[in-house]
Amino acid sequence: MTMKRQLLNLLAVVTVVTLFGDVTARDLRNVTEPKTPQTCTSLKATGGDDTKAIQKALDSCTKGKAVALSSGTFYSGPLNIPSGVSLLVDKGVVLKAIPNPELYDLGAKTCGTLNEYGVGCKAFITMHGAKGSGIYGKGTIDGQANVTMTGKNLSWWELSHAAVVAKNFQNNPMLVQINNSMDITLYQVTLINSPFYTVTAYETIGWTVWGLTIRAPASARNTDGVDPIGCQNVTIAHCFISIGDDHVAIKALTAPSRHISVFNNHFEHGNAMAIGSEVNHGASEVTIANLTLNGSRIGIHIKSNFFRGGHVLNISYDNICIINVSHPIYLDMMMNHLEGPNMPVFHNITISNVRVLTKGIFGFHGISNSNPVEATFKNTHITKGSTFSEYYAKITGKLTEDASGSSCGYYGN
Ligand SMILES: *[C@@H]1O[C@H](CO)[C@@H](O)[C@H](O)[C@H]1NC(C)=O
Ligand SMILES: *[C@@H]1O[C@H](CO)[C@@H](O)[C@H](O)[C@H]1NC(C)=O
Ligand SMILES: *[C@@H]1O[C@H](CO)[C@@H](O)[C@H](O)[C@H]1NC(C)=O
Ligand SMILES: *[C@@H]1O[C@H](CO)[C@@H](O)[C@H](O)[C@H]1NC(C)=O
Ligand SMILES: *[C@@H]1O[C@H](CO)[C@@H](O)[C@H](O)[C@H]1NC(C)=O
Ligand SMILES: *[C@@H]1O[C@H](CO)[C@@H](O)[C@H](O)[C@H]1NC(C)=O
Ligand SMILES: *[C@@H]1O[C@H](CO)[C@@H](O)[C@H](O)[C@H]1NC(C)=O
Ligand SMILES: *[C@@H]1O[C@H](CO)[C@@H](O)[C@H](O)[C@H]1NC(C)=O
Ligand SMILES: *[C@@H]1O[C@H](CO)[C@@H](O)[C@H](O)[C@H]1NC(C)=O
Ligand SMILES: *[C@@H]1O[C@H](CO)[C@@H](O)[C@H](O)[C@H]1NC(C)=O
């Protein structure tokens with residue numbers, strides 16, 4: 001090898017390393033923009049209930065290929081995407097979830113009602129035990145949570161509000177639920193009006209969410225955007241998310257969540273870029289880079305408590321811009337002061353290259369002198385007049401009150 005060649009190789013390695021600052025606190029796969037699979041069948045909407053036709057096409061599609069919804073507005077009840085198969089929603093096409101709770105009921109006849117559990121419905125689109133499945137295309141999947149339910153006098157979202165008044169839980173379907181799967185891709189599709197969490201993946205290894213647009217009104221309760229729950233090797237990139245609850249919430253309810261990259265995203269109204277509150281199996285090795293947040297309630301949020309606490313560590317935030325957010329950075333080990341046996345521990349959290357362009361409330365809440373919230377700030381510029389809510393906090397570095405500029409720019413799709 002020539003000297004020049006050796007130098008180029010060295011430079012290449014340095015570039016890869018500096019891309020994320022650290023090479024292990026991220027998705028360990030080398031993720032690039034997904035490619036849409038070839039089509040096995042194309043379907044045109046009939047205008048009626050197309051559930052059977054879509055499900056039949058999915059069940060008979062060759063592995064590695066996709067069923068294309070190629071024109072019109074489709075109405076469907078719950079769908080299951082089999083292992084190896086994908087759904088392609090073409091540009092201009094809309095796939096609408098029929099708002100009939102009976103179709104989603106898991107057997108107890110509770111879907112579409114209020115009770116003390118809130119787990120009575122299956123999702124609109126499910127992938128379970130799947131490998132290499134996905135959802136692709138520039139079309140739209142509409143959860144129709146704003147439309148009156150069949151046989152009821154209120155919509156899914158109105159039911160969610162009724163739960164607040166009744167002090168219990170709504171039984172509403174998620175829009176997309178992935179469980180126990182591998183190598184799953186969601187690419188480009190627009191997801192709107194989810195009755196509950198928009199996309200969740202449980203115990204899934206290898207998950208790419210790229211170029212999605214997710215929308216719900218700010219008032220729509222529990223409409224999280226993308227939730228990895230006990231997942232590893234996850235990339236969430238180039239998305240636009242504007243919803244009613246957390247844009248992204250990394251949780252670790254039944255398994256650890258680790259090796260997660262969240263980069264080049266833009267979030268508008270909604271709750272926060274969150275880790276927690278359920279982190280009882282540990283959340284670690286996460287990088288959140290290149291994020292613009294405009295108009296959310298919280299910006300960077302790590303939240304837990306003794307109810308479902310655990311270790312949150314090796315988390316890195318880099319190049320984040322926040323504007324019009326009342327609580328720009330909130331690291332809270334005592335959220336809602338919930339009690340339980342699971343002590344949260346937050347440490348080795350690094351927050352670098354941050355600009356917060358409007359004043360806000362910054363929160364750092366630890367548990368005790370021996371278990372403080374620990375975070376390191378580098379090159380962090382906030383707006384003059386901000387306030388701090390701090391107890392048991394071990395903060396290294398400074399949040400300098402000298403931010404300037406009136407625009408965050410835009411990452412996202
Ligand atoms: C990712 O790419 C880097 C640089 O090309 C390479 O060293 C590494 O082995 C790749 N990792 C995987 C899991 O493919
Ligand atoms: C994550 O991806 C890396 C690189 O492909 C792989 O070595 C590792 O086994 C994956 N993690 C899990 C839990 O499978
Ligand atoms: C529901 O929302 C969609 C778009 O998000 C809109 O086109 C439709 O008019 C709304 N329907 C009702 C009943 O509000
Ligand atoms: C809607 O249904 C609830 C419960 O069945 C009933 O109490 C209420 O009066 C109904 N409201 C309207 C406007 O029909
Ligand atoms: C995921 O699937 C496993 C079995 O494979 C099941 O035990 C678990 O309850 C499922 N979780 C969800 C959230 O559906
Ligand atoms: C962050 O954005 C910059 C351009 O603003 C780009 O060079 C860099 O690759 C991005 N980082 C990641 C992790 O995508
Ligand atoms: C700030 O965000 C809130 C909530 O999303 C929004 O209602 C308000 O119009 C925004 N203000 C500005 C100046 O953008
Ligand atoms: C946190 O990072 C350190 C240093 O890279 C590493 O030794 C440790 O295993 C990481 N912790 C977890 C839970 O991955
Ligand atoms: C802290 O986490 C970063 C990744 O975000 C890792 O590179 C570093 O080694 C960790 N430091 C310690 C002391 O564990
Ligand atoms: C924030 O979002 C609002 C509403 O979408 C938009 O009007 C405004 O220009 C954005 N502001 C910045 C600084 O990006």
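Remember, it's 1-based here, ligands and their atoms both numbered in the order they're listed.
- By the 30° and 60° cut-offs, the orientation of the rings of His266 relative to Tyr410 is tilted.
- A salt bridge links Lys303 with Asp246: the closest approach of a Lys/Arg side-chain nitrogen to an acidic carboxylate oxygen falls below 4.0 angstrom.
- Considering backbone and side-chain N/O of Asn193, one or more are found under 3.5 Å from N/O of ligand 3.
- Under the side-chain hydrogen bond (donor to acceptor under 3.5 Å, both in side chains) test applied with Asn379, the options Asn319, Asn353, Asp318, Thr400 reduce to a single match, Asn353.
- Residues forming a salt bridge (charged side-chain N to carboxylate O under 4.0 Å, His left out) with Glu268 (at least two apart in sequence, or on another chain): none.
- Counting atoms of ligand 9 from 1 in the listed order, those under 4.0 Å from a heavy atom of Ala25 are 4 (C), 5 (O).
- Taking a distance limit of 4.0 Å, we find that atom 9 (O) of ligand 3 is approached by no protein heavy atom.
- With sequence neighbours excluded, no residue forms a side chain to side chain donor-acceptor pair (under 3.5 Å) with His301.
- Proximity of atom 14 (O) of ligand 3 to the protein is indicated by at least one non-hydrogen atom lying closer than 4.0 angstrom.
- Set against the non-hydrogen atoms of Ser316, the atoms of ligand 9 under 4.0 Å away are 5 (O).
- Those atoms of ligand 1 with a heavy atom of Leu28 less than 4.0 angstrom away are 13 (C).
- Interatomic distance, CG of Asn233 versus CZ of Arg26, reported as 9.5 Å (0.5 Å rounding).
- If you number the atoms of ligand 9 from 1 as listed, the ones under 4.0 Å from a heavy atom of Asn348 come out as 1 (C), 2 (O), 3 (C), 8 (C), 10 (C), 11 (N), 12 (C), 14 (O).
- Between Ser257 and Ala252, the shortest heavy-atom distance links the atoms N-CB, 3.8 Å.
- Distances from atom 11 (N) of ligand 1 to the heavy atoms of Val31, Asp27, Asn30 put Asn30 nearest.
- In terms of protein heavy-atom proximity, atom 2 (O) of ligand 3 is nearest to Asn146 ND2, 2.3 Å.
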